[in-house]
> 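This structure is in structure tokens; I'll ask about it shortly.
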Amino acid sequence: MRLSRYFLPIIKETPKEAEIVSHRLMLRAGMIRQQSAGIYSWLPLGLKVLRKIERIVEEEQARAGAVQLLMPTIQSADLWRESGRYDAYGKEMLRITDRHDRDMLFGPTNEEMITDIFRSNVRSYKDLPLNLYHIQWKFRDEVRPRFGVMRGREFLMKDAYSFDLDQDAAVESYNRMFVAYLRTYKRMGLTAIPMRAETGPIGGDLSHEFIVLADTGESAVYCHSDYLEKAVPGEDVDFDSDLSPIVADWTSDYAATEDVVDMTEFENSVPEDKRISARGIEVGQTFYFGTKYSAPMGAKVATADGTEVPVHMGSYGVGVSRLLGAIIEANHDDDGIVWPASVAPFHVGVVNLKVGDELTDSACEDLYAKLEAAGIEVLYDDTDNRAGAKFATMDLIGLPFQVVGGPRGLKDGLFEVKDRRSGEKEMLSPEATFNKLVSALTV
RNA sequence: CGGGGUAUAGCGCAGCCUGGUAGCGCAUCUGGUUUGGGACCAGAGGGUCGCAAGUUCGAAUCUUGCUGCCCCGACCA
């Protein structure tokens with residue numbers, strides 16, 4: 001992509017409304033713009049990252065056996081009356097009336113709707129286990145939205161729903177999502193710790209919140225420091241096998257959020273030098289809630305002996321839009337964002353320092369074309385801004401590598417290649433530059 | 001939902017107390033000089049001062065009401 005033809009509105013000053021670093025950087029880097037309280041437009045650079053996060057989520061959901069569908073944002077109030085949540089949910093739910101005066105709502109979650117889909121299409125235990133998910137915009141009318149996309153009113157969420165014949169099978173489904181989550185966050189460069197959690201309005205018995213440690217996190221968390229070093233299951237993990245040893249390993253040491261923490265238990269079970277007391281961002285939550293929705297809504301299947309039983313369900317959320325904030329909170333420095341390569345909007349920024357100069361133009365154009373042809377995503381700065389402004393923009397948007405082509409180096413046939421994270425720079429020939437980037441960025 | 005702020009050019013702000021018809025910095029545009037870490041000089045464009053009433057000869061400024069946004073708390077993915 002040529003920067004001269006892209007839409008990347010950079011802000012030099014610090015926007016006054018942004019309190020936390022991820023919000024500031026997302027505004028400054030031209031990723032988002034606020035449309036009203038807690039509601040944002042996603043500009044091209046932000047959308048690119050959002051899509052990359054979705055892709056990782058989709059790949060790991062597929063690996064764990066979940067099947068993607070798409071449910072609407074607007075739901076009928078009648079469904080919610082069946083579960084009893086229409087009255088229970090409160091003012092967080094945005095209620096809408098259509099032209100026929102029918103009560104509608106902008107969905108804050110989809111348990112009722114998925115249960116409806118299930119009950120009208122599945123009858124037999126032979127169709128289980130089943131895990132259906134979608135990635136869709138949700139709306140919760142938070143009293144006080146803040147922190148940019150971390151706590152918006154409109155937000156993009158992956159929510160999966162598992163259906164099983166009994167509790168034992170449901171726990172196996174739960175474990176599959178649990179392991180998928182460990183892998184999902186790891187691939188985005190995050191260390192997410194599963195913590196004991198409250199079940200909130202969704203209800204249920206078994207639940208974990210996946211927490212990323214960050215100073216700007218919304219809640220206080222307490223956990224064992226070993227979690228920071230624990231190995232995440234690899235690509236080869238067999239989701240058809242018994243995953244309970246992995247889950248047991250990842251839940252053996254103490255970890256809880258402030259809502260449910262028992263300080264006595266924390267101090268008794270974790271040695272003093274291993275205790276972490278920090279702040280955390282919730283990036284996902286898993287629930288097993290049994291027949292809470294299937295029973296009142298009549299989602300039943302026939303068992304092997306012909307009797308009908310309500311299915312056991314679980315739901316599993318990932319805050320997709322919120323993850324951008326969490327990733328930036330965990331990956332930035334004084335100059336801007338430092339994207340992990342897996343979610344970076346582009347892999348490489350090629351900076352032409354002297355547009356119009358025959359030598360730099362041809363060298364930069366050539367490298368740009370070759371990298372794109374090799375499947376590497378390049379943002380090519382072919383604008384005629386000053387060098388300092390170009391460097392500052394590249395640092396701000398945080399692409400993993402910067403390649404600088406200017407008359408000074410190119411008269412000796414060399415580009416300067418900078419690693420954004422380490423700040424290390426080296427002078428390389430065009431061939432060496434190409435080879436280094438290809439080997440660093442392709443698996 | 002309680003408490004506290006704030007609203008003036010695209011962004012950040014001054015002007016308001018003490019009423020007289022709007023200004024600064026950045027950004028934008030033009031010309032010139034520059035050019036390896038957010039350049040400099042000169043010039044230009046851009047605002048029904050959040051909305052609505054009221055007071056007044058006259059309101060960005062005073063009064064009342066409404067609305068948006070931000071911060072703290074409670075709540076929450």
Side-chain angles (χ1 to χ4, degrees), chain A residues 9-20 23-24 27-28 30 33-39 89-93 107-110 137-159 181 192 195 197-202 207-212 217-219 257-259 280-287 315-326 334-336 351-357 360 381 383-396 402-411 414-416 418 423 425 427:
Chain A
I10 295 289
I11 299 174
K12 219 158 49 163
E13 303 82 13
T14 301
K16 70 162 183 177
E17 76 268 22
E19 282 294 298
I20 65 169
H23 190 192
R24 276 205 302 271
L27 289 167
R28 291 195 52 215
R33 287 294 181 266
Q34 179 166 307
Q35 299 298 156
S36 64
I39 300 176
Y89 216 92
K91 301 186 83 168
E92 273 203 347
M93 186 155 73
T109 177
N110 288 69
W137 293 93
K138 307 278 192 293
F139 196 93
R140 290 184 194 167
D141 198 2
E142 298 285 347
V143 214
R144 195 188 152 206
R146 59 183 131 175
F147 303 151
V149 299
M150 298 258 284
R151 179 89 185 273
R153 292 197 291 173
E154 188 180 56
F155 56 98
L156 188 61
M157 182 174 170
K158 186 282 304 189
D159 40 325
Y181 277 25
M195 301 197 181
E198 277 193 327
T199 53
I202 294 174
S207 181
H208 290 93
E209 283 185 6
F210 287 72
I211 301 281
V212 172
E218 72 263 49
S219 51
T257 64
E258 59 187 333
D259 300 327
I281 301 166
E282 188 193 334
V283 290
Q285 185 160 10
T286 49
F287 299 92
S315 74
Y316 316 90
V318 170
V320 174
S321 49
R322 147 179 285 216
L323 269 167
L324 272 91
D334 289 345
D335 296 319
V351 179
N352 182 337
L353 277 190
K354 193 165 187 181
V355 172
D357 178 83
T360 54
D381 186 348
T383 65
D384 64 355
N385 290 315
R386 303 175 64 80
K390 293 188 172 206
F391 294 141
T393 295
M394 278 298 167
D395 286 346
L396 175 61
Q402 298 170 17
V403 177
V404 177
R408 190 196 286 174
L410 286 170
K411 75 178 187 318
L414 299 175
F415 283 111
E416 179 188 277
K418 174 177 160 182
K425 301 173 183 172
M427 301 300 295

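We use all heavy atoms of the structure for the numbers below, so side chains are in, but hydrogens, waters and symmetry mates are not. A quick note: this is a predicted structure, and the numbers were derived from the prediction, not measured. Below, chain A is the first sequence line, B the second, and so on; all start at residue 1.
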> Can you tell me, in whole Å, how much space there is between the P of B:A7 and that of B:A14?
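The same atom, P, in both gives a distance of 7 Å.
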
> Give the C-alpha distance, both sets of side-chain angles, the deciding distance and a yes or no for side-chain contact (heavy atoms from CB on, under 4.5 Å) between A:Leu323 and A:Val318.
CA-CA 8 Å; A:Leu323 269 167; A:Val318 170; 3.6 Å; yes

> Please determine, for the side chain of A:Leu396, which listed nucleotide (B:G38, B:C75, B:G36) has the closest atom?
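From the listed options, B:G38 comes nearest.
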
> Does A:Lys91 have more than 12 heavy atoms from other residues, nucleotides or ligands lying within 6.0 Å of its NZ?
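Atom NZ in A:Lys91 is not packed in, count stays at 12 or less.
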
> Per the atom types in the model, does the base of B:C11 pair as donor or acceptor with the side chain of A:Arg28 at under 3.5 Å?
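A donor-acceptor contact between them is absent.
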
> If we take the P atom in both B:G38 and B:A27, what is their distance in whole Å?
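Looking at atom P only, B:G38 and B:A27 are 13 Å apart.
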
> Does the pair A:Leu410 and A:Lys354 meet the rule for a side-chain contact (heavy atoms from CB on, under 4.5 Å), with working shown?
CA-CA 11 Å; A:Leu410 286 170; A:Lys354 193 165 187 181; over 6 Å; no

> Compare the minimum distances between each of B:G36, B:G38, B:C76 and the side chain of A:Leu353, then state the nucleotide with the smallest one.
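Selected nucleotide: B:G36.
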
> Give one of base, sugar-phosphate or nothing for A:Gly409, where a contact means two heavy atoms less than 4.0 Å apart.
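The residue A:Gly409 makes base contact.
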
> Does A:Ala387 reach a base, just sugar-phosphate, or nothing at all? Heavy atoms under 4.0 Å.
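Sugar-phosphate, no base atom in range.
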
> Expressed as a whole number of angstroms, how long is the span from A:Asp259:CG to B:A74:C1'?
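Between C1' of B:A74 and CG of A:Asp259: 13 Å.
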
> Pairing check on B:A74: which nucleotide meets the Watson-Crick or G-U wobble criteria with it, both distances under 3.5 Å?
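Partner of B:A74: none found under 3.5 Å.
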
> Using both distances under 3.5 Å as the test, list the Watson-Crick or G-U wobble partner of B:U35, or none.
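Because no pair has both required distances under 3.5 Å, B:U35 counts as unpaired.
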
> Determine the contact category for A:Lys425: base if any of its heavy atoms lies under 4.0 Å from a base atom, sugar-phosphate if only primed atoms, P, OP1 or OP2 are that close, otherwise nothing.
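A:Lys425: base contact, heavy atoms under 4.0 Å.
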
> So A:Thr393, base contact, sugar-phosphate only, or nothing? Heavy-atom distance under 4.0 Å.
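Base contact.
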
> How many angstroms lie between atom CD1 of A:Ile281 and atom CD1 of A:Ile20, to the nearest 0.5 angstrom?
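If I round to the nearest 0.5 Å, the distance is 7.0 Å.
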
> Given the C1' atoms of B:C40 and B:U35, what is the spacing between them in whole Å?
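Looking at atom C1' only, B:C40 and B:U35 are 12 Å apart.
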
> Just compare B:G38, B:G37, B:G36 and give me whichever is closest to any side-chain atom of A:Pro407.
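Among B:G38, B:G37, B:G36, the one nearest the side chain of A:Pro407 is B:G36.
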
> Using Watson-Crick or G-U wobble geometry with both distances below 3.5 Å, tell me the partner of B:G47, or none.
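The base-pairing partner of B:G47, which may sit in any strand shown, does not exist here.
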
> Which one is paired to B:C62, where only Watson-Crick or G-U wobble pairs with both distances under 3.5 angstrom count?
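Across any shown strand, B:C62 pairs with B:G54.
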
> Taking CD1 from A:Ile10 and P from B:G12, how many angstroms apart are they, rounded to a whole number?
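Those two atoms, CD1 and P, are 17 Å apart.
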
> Grab the CD-P distance between A:Glu17 and B:C72 for me, whole Å please.
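Result: 14 Å.
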
> Identify whether the distance between the nearest side-chain nitrogen and carboxylate oxygen of A:Glu142 and A:Arg151 falls below 4.0 Å.
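Salt bridge between A:Glu142 and A:Arg151, a charged N being under 4.0 Å from a carboxylate O: yes.
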
> To the nearest Å, how far apart are A:Ile281 CD1 and B:C76 P?
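Taking atom P of B:C76 as the reference, CD1 of A:Ile281 is at 18 Å.
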
> For A:Val318, answer base if it contacts any base atom (sugar-phosphate contacts may also be present), sugar-phosphate if it contacts only those atoms, and nothing otherwise; contact means non-hydrogen atoms under 4.0 Å.
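Here A:Val318 touches no strand at all.
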
> Counting the atoms with a prime plus P, OP1 and OP2 as sugar-phosphate, which does A:Gly152 contact under 4.0 Å by heavy atoms, base, sugar-phosphate, or nothing?
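The answer is base, as A:Gly152 lies within the cut-off (heavy atoms under 4.0 Å) of a base atom.
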
> Looking at CD1 of A:Ile211 and OG1 of A:Thr257, how far apart are the two atoms once the value is rounded to the nearest 0.5 Å?
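Taking CD1 in A:Ile211 and OG1 in A:Thr257, the distance rounds to 6.0 Å.
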
> Provide the distance between the two P atoms, one in B:U64 and one in B:G10, to the nearest whole Å.
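Result for the P pair: 30 Å, nearest Å.
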
> Taking only the side-chain nitrogens and oxygens of A:Gln34, find out if one of them lies under 4.0 Å from OP1 or OP2 of B:C70.
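So the side chain of A:Gln34 is within the cut-off, an N or O lying under 4.0 Å from OP1 or OP2 of B:C70.
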
> According to the Watson-Crick and G-U wobble definitions, with both distances under 3.5 Å, which nucleotide is paired to B:A22?
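Partner of B:A22: none found under 3.5 Å.
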
> Is the phosphate of B:G36, meaning OP1 or OP2, less than 4.0 Å from a side-chain N or O of A:Arg408?
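False: A:Arg408 side-chain N/O out of range (4.0 Å or more) of B:G36 OP1/OP2.
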
> On a whole-Å scale, what distance lies between the P atoms belonging to B:G15 and B:G31?
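Nearest-Å result for B:G15 against B:G31 at atom P: 37 Å.
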
> Heavy atoms only, 4.0 Å cut-off, all strands: where does A:Gly406 land among base, sugar-phosphate and nothing?
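It contacts base atoms.
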
> Ignoring backbone atoms, establish whether A:Arg386 has a side-chain N or O less than 4.0 Å from OP1 or OP2 of B:G36.
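No, because none of the side-chain N or O atoms of A:Arg386 sits under 4.0 Å from OP1 or OP2 of B:G36.
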
> Find the distance A:Lys390:NZ to B:U34:P and express it as a whole number of Å.
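Spelled out: NZ on A:Lys390 to P on B:U34 is 19 Å.
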
> Can you tell me the distance, in whole Å, between the NE2 atom of A:His23 and the C1' atom of B:C70?
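In whole Å, B:C70 C1' and A:His23 NE2 are 11 Å from each other.
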
> Any idea which of B:C75, B:C71, B:C69 is nearest the A:Glu19 side chain?
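For the A:Glu19 side chain, the nearest candidate turns out to be B:C71.
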
> In whole Å, measure the gap between the P atoms of B:C13 and B:U8 for me.
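Approximately 9 Å lies between the P atom of B:C13 and that of B:U8.
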
> Of the nucleotides B:G38, B:G36, B:C71, which one has an atom closest to the side chain of A:Arg144?
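Nearest to the side-chain atoms of A:Arg144, counting from C-beta on, is B:C71.
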
> Is there, by distance only and without an angle test, a donor paired with an acceptor across the side chain of A:Asn385 and the base of B:G38 below 3.5 Å?
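For A:Asn385, whose side chain was compared with the base of B:G38, there is no donor-acceptor pair (under 3.5 Å).
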
> Over how many whole Å does the gap from A:Arg151 atom CZ to B:C71 atom C1' extend?
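Result: 14 Å.
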
> Considering heavy-atom distances to RNA chain B, does A:Ser219 or A:Ile11 have its closest nucleotide positioned more toward the 5' end?
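The answer here is A:Ile11.
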
> Partner of B:U6 by Watson-Crick or G-U wobble geometry, both contacts under 3.5 Å, or none?
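Pairing partner: B:G68.
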
> Let's see if you can work this out: which of B:G12, B:C26, B:G38 has an atom nearest to the side-chain heavy atoms of A:Glu13?
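Minimum distance to the A:Glu13 side chain belongs to B:C26.
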
> Starting at atom CD of A:Glu218, determine the distance to atom C1' of B:A74, rounded to an integer number of angstrom.
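Roughly 15 Å, once rounded to whole Å.
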
> If B:A42 has a Watson-Crick or G-U wobble mate with both distances under 3.5 Å, name it; if not, just say none.
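By the stated definition (distances under 3.5 Å), B:U30 pairs with B:A42.
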
> Any N or O donor-acceptor pair under 3.5 Å from the base of B:C70 to the side chain of A:Arg146?
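No, the side chain and the base share no sub-3.5 Å donor-acceptor pair.
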
> Side-chain N or O of A:Lys91 versus OP1/OP2 of B:C1: is the shortest distance under 4.0 Å?
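Checking A:Lys91 against B:C1: at least one side-chain N or O falls below 4.0 Å of OP1 or OP2.
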
> Write down the distance separating the P atoms in B:A42 and B:G37, rounded off to the nearest Å.
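That atom pair is separated by 25 Å.
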
> Rounded to the nearest 0.5 Å, what's the gap from CZ on A:Phe147 to CD on A:Glu218? Could you check?
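So the gap between those two atoms works out to 8.0 Å.
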
> Does the side-chain contact (heavy atoms from CB on, under 4.5 Å) test come out yes or no for A:Phe415 and A:Val351, once each step is laid out?
CA-CA 10 Å; A:Phe415 283 111; A:Val351 179; over 6 Å; no

> When rounded to the nearest 0.5 angstrom, what distance separates CG in A:Leu414 from CZ in A:Arg408?
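Here the interatomic distance stands at 12.5 Å.
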
> At less than 4.0 Å, is any side-chain N or O atom of A:Lys12 found next to OP1 or OP2 of B:A27? Yes or no.
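Answer yes for this pair, as a side-chain N or O of A:Lys12 is under 4.0 Å from OP1 or OP2.
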
> Which one, B:C75, B:G38, B:C71, comes nearest to the side chain of A:Glu142?
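Nearest nucleotide to the side chain: B:C75.
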
> As a test of reading the structure: which of B:G37, B:G36, B:G38 is closest to the side chain of A:Glu416, going by heavy atoms?
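The answer is B:G36.
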
> Taking the P atom of each, how far is B:G46 from B:G36, in whole Å?
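Those two atoms are separated by 35 Å.
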
> First locate atom CG of A:Asp395, then atom CD of A:Gln402, and finally report the distance between them rounded to the nearest 0.5 Å.
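Answer for the CG-CD pair, A:Asp395 versus A:Gln402, is 4.5 Å.
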
